[in-house]
There are 2 protein chains.
Amino acid sequence: MTLDARKEHILLAIIQDYITTAEPVGSRTIARKYKLGVSPATIRNEMADLEEMGYIEQPHTSAGRIPSDRGYRYYVDNLMKRQELSKEEEKLVLDSYLTKVQDVGQVLRRTGQLLSRITNYTAVVFTAHYGKTKFKHINLVYMSSGQCMVVVVTDAGSVHYRIIDIPESIGPADLETISAVLNRKLQGQSMENIKLTLIKEIYFELAKQKHILNMAMDLIRDSLAVETEEKIYLGGVFNILNQPEFHNVEKVKTLLSLLEQEQELANIMVDVFQVEGVTARIGEEITNERMKDCSVVMAGYRAGGKPLGGIGLIGPTRMDYARAFAVVEYMTKNLSLVMERLLCGRNR
Amino acid sequence: MTLDARKEHILLAIIQDYITTAEPVGSRTIARKYKLGVSPATIRNEMADLEEMGYIEQPHTSAGRIPSDRGYRYYVDNLMKRQELSKEEEKLVLDSYLTKVQDVGQVLRRTGQLLSRITNYTAVVFTAHYGKTKFKHINLVYMSSGQCMVVVVTDAGSVHYRIIDIPESIGPADLETISAVLNRKLQGQSMENIKLTLIKEIYFELAKQKHILNMAMDLIRDSLAVETEEKIYLGGVFNILNQPEFHNVEKVKTLLSLLEQEQELANIMVDVFQVEGVTARIGEEITNERMKDCSVVMAGYRAGGKPLGGIGLIGPTRMDYARAFAVVEYMTKNLSLVMERLLCGRNR
DNA sequence: TGTTAGCACTCTCATGCATTGAGTGCTAAC
DNA sequence: GTTAGCACTCAATGCATGAGAGTGCTAACA
């Protein structure tokens, strides 16, 4: 299962060359560019072996070789050299997170943008919302006669709001009363715990404002429900257009149509984000026909020991794995810190 | 400047045919498909005239004719038949707005999605935030020891929030006090009015909580500032990939790179949204090199008589203007109603 | 004077064919 | 085990050719 040193060398050369040029690479090129101290003929023999073993393949007889999914896998597992980000890049990331303490959604969106800008690949950021979200706070804000805004805050750190019509007779003071009662009764409850008895209590206490109460409870229910769904943020979707393998519009369409479907994307990432460290899924390892020419490099981020979601980079199977690994690793580390700070209290 | 009936007929035939087939249309085709009662030769003569006048052009000698920007303009201004949406489509729109009263951002996002789904073009929704936004309400929500969430509501109906660190010594009651003071002092003020004297007053009253106050004021400032910016929502960006004129990746890239730049997009729409009714900008009429092969059909939406922004459809110059006009008109009408309801109090 | 048929002309596109060049696999010699 | 040499394969390129679509022009017709 493991290759001898020279074969490894040759495989490495093929992969590195193919990653940068996107052209099949022949024995001559390797002999010339990567000094192995042997002639093209020798390399040809080794390449024939590598092909037989399934690490490389030939698009057609008279072309050079290109790495197979299996070849990339071997590279990622055994040959790839650890890379670090440059100081400037690290600074870019840190700055982006430091500028202002943002809400969760904004942080994740920014993470996606940053990831794609640094790497020129397409970035996916995904939140899993592990476990149940709890109700934290509600606020009924009087806006004008006949209208108020309901604001609900959940303990996952997100805010939901909605504007509702109210009877003209209701004033700011009434709204405060309702807010107070709801906050007192529902504080810290998850969806499941908001049982009928509890609701009855509230309705009893606020019998007069049944209409408003309905609307407010609606929003609370929706807010807690939405939180348990996965959410996906994309960044730099158009970057894939720069990859030569996507110069044909049909391929672009297939991939984009997939990216539009959040659920499918979530499926691809969901089994990995709880694993420690950076993972790659290469070509057909991804159980999705439409991504068979792509790879994903991804890792989970967490806060307070709890996995929260994952970030990933999507590129052609020919992508620069070493760099992708470095970036994803650095970003998850920092994202985890930021999330920790946002959700679980200060960190420094 | 105006054409005789037969020339109009021929121009109309060319445009209609080209819109559906995307192929240059020749004299024979017109004679066969659109019964004008004259021979191809006659049509050829007329076409030569139309070409001289600049309404149509020839990609190359032995091809048929295609409409020029000027031709489309004539069509839109003089020949286009008013269209209506089908009952199902109208229902789709209404349902989408009725399902739930949402916040402004959500409504606009949904509008974009809907527009693109109905038409298969790319949709742009743009908010101008005319005039000054005023502060409406602030709320400091205690989250955990050392952390609270600041929620700011503006009178434009949007909510901004941020999580901040606070001294451990601060409890929920302190936060309520601060909220109360801020609400009392700042209610209904626009950014300009929040002058130094006012701020001094507040700081005097809440001298102890200087740190929190700083953070809260920061958010208020940001919220009011953001509101005055334009915002752009896109829908169905990938729809352009279905247009045959975008089967070449370079063109897609140029257009997408433009769509990514909100500012440029805003410039294209900004001079139109205050005008009554639906407007088209065809090809080179758009003062942007990168959109010379595209057209935009757009109209403004408003609430309480105030123009708020615009919605538009982007397609190739060969787009189906009649349909685009119908959809944009219907959507603006409905969007205006919804916005009216959201921002200015109930409408029905 | 406007309309039409006929015809030569132009240009694109698809097809076929020969050429070139990159790259291989095999064999025999080192 | 390594290498040089050579025949072979195949994609890509360039070129010629023919078909097809469409035009513009001319001359005849109503």
Side-chain angles (χ1 to χ4, degrees), chain A residues 3-11 13-18 20-68 71 244-245 247-248 318, chain B residues 3-11 13-18 20-68 71 244-245 247-248 318:
Chain A
L3 300 171
D4 68 63
R6 194 168 67 188
K7 282 203 176 51
E8 283 198 345
H9 237 98
I10 291 175
L11 179 57
I14 293 176
I15 291 182
Q16 286 182 344
D17 208 77
Y18 188 63
T20 55
T21 65
E23 295 290 333
V25 19
S27 51
R28 259 180 73 112
T29 322
I30 295 184
R32 224 182 318 121
K33 276 213 242 171
Y34 307 81
K35 335 230 164 241
L36 301 182
V38 289
S39 78
T42 312
I43 294 176
R44 277 205 289 283
N45 288 329
E46 297 283 32
M47 281 164 82
D49 291 351
L50 282 170
E51 180 163 7
E52 204 172 329
M53 290 187 261
Y55 293 109
I56 56 181
E57 45 199 36
Q58 222 174 353
H60 55 86
T61 336
S62 74
R65 305 302 215 292
I66 62 176
S68 66
E245 27 271 278
H247 258 34
N248 123 27
R318 188 185 57 76
Chain B
L3 300 170
D4 68 61
R6 192 166 70 186
K7 283 202 175 54
E8 282 197 347
H9 236 97
I10 292 176
L11 180 57
I14 293 176
I15 291 182
Q16 284 182 346
D17 208 78
Y18 189 63
T20 56
T21 65
E23 295 290 333
V25 19
S27 52
R28 259 180 72 114
T29 321
I30 295 185
R32 223 183 318 121
K33 278 213 241 173
Y34 307 81
K35 334 231 162 236
L36 302 183
V38 290
S39 77
T42 312
I43 295 177
R44 278 206 288 282
N45 287 330
E46 298 283 31
M47 280 164 83
D49 291 351
L50 282 171
E51 180 163 6
E52 204 172 329
M53 289 188 260
Y55 291 110
I56 56 181
E57 45 201 35
Q58 220 174 354
H60 56 84
T61 338
S62 74
R65 306 301 215 290
I66 62 176
S68 66
E245 27 271 279
H247 258 35
N248 126 26
R318 188 187 56 78

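Proteins come first, then strands; the chains are lettered A, B, ... in the order of their sequence lines, and each starts at number 1.
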Point-to-point distance, once rounded to the nearest 0.5 Å, from [atom1] of [X] to [atom2] of [Y]:
X: B:Lys33; Y: B:Thr21; atom1: NZ; atom2: OG1; value: 6.0 Å
X: B:Ile43; Y: B:Leu50; atom1: CD1; atom2: CG; value: 11.0 Å
X: B:Glu57; Y: B:Glu51; atom1: CD; atom2: CD; value: 8.0 Å

Considering every strand shown, what is the Watson-Crick or G-U wobble mate of D:dA11 when both distances are under 3.5 Å?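 Partner of D:dA11: C:dT20.
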When both hydrogen-bonding distances must be under 3.5 Å and the geometry is Watson-Crick or G-U wobble, what is C:dC11 paired with, if anything?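 Base partner found: D:dG20.
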Under 4.0 Å: is that the gap between some side-chain N or O of [X] and OP1 or OP2 of [N]?
X: B:Ser39; N: C:dT4; answer: yes
X: A:Arg6; N: D:dG1; answer: no
X: A:Thr42; N: D:dT3; answer: yes
X: A:Arg65; N: C:dG25; answer: yes
X: A:Ser27; N: C:dT24; answer: yes

For [X] and [N], what is the distance between atoms [atom1] and [atom2] respectively, to the nearest whole Å?
X: B:Asp49; N: C:dT1; atom1: CG; atom2: P; answer: 16 Å
X: B:Ile30; N: C:dT4; atom1: CD1; atom2: P; answer: 14 Å
X: A:Asp17; N: C:dA22; atom1: CG; atom2: P; answer: 15 Å
X: A:Asn45; N: D:dG5; atom1: CG; atom2: P; answer: 16 Å
X: B:Ile66; N: D:dT23; atom1: CD1; atom2: P; answer: 13 Å
X: A:Glu23; N: D:dA11; atom1: CD; atom2: P; answer: 15 Å
X: B:Leu50; N: D:dG24; atom1: CG; atom2: C1'; answer: 16 Å
X: A:His60; N: C:dG25; atom1: NE2; atom2: P; answer: 13 Å

Which part of the nucleic acid, if any, lies within reach of B:Thr61 when heavy atoms closer than 4.0 Å are counted: base, sugar-phosphate only, or nothing?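 Since only primed, P, OP1 and OP2 atoms lie under 4.0 Å of B:Thr61, the category is sugar-phosphate.
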Among D:dG24, D:dT9, C:dT10, which nucleotide has an atom closest to any side-chain atom of B:Gln58?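 Of all the options, the side chain of B:Gln58 is nearest to D:dG24.
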What nucleotide among C:dA5, D:dG20, D:dT3 has an atom nearest to a side-chain atom of B:Ala41?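 Nearest to the side chain of B:Ala41 among the choices is C:dA5.
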Non-hydrogen side-chain atoms of A:Tyr34 and A:Gln16 separated by less than 4.5 Å: yes
Ignoring hydrogens and angles, are the base of C:dG25 and the side chain of A:Arg44 linked by a donor-acceptor pair under 3.5 Å? yes
Does A:Gly64 or B:Ser62 map to a spot on DNA chain C nearer the 5' end, using the closest nucleotide for each?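 Its nearest nucleotide being more 5', the pick is B:Ser62.
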From CA spacing to verdict: side chain to side chain contact (heavy atoms under 4.5 Å, CB included), B:Arg6, B:Val38: CA-CA 10 Å; B:Arg6 192 166 70 186; B:Val38 290; 3.8 Å; yes
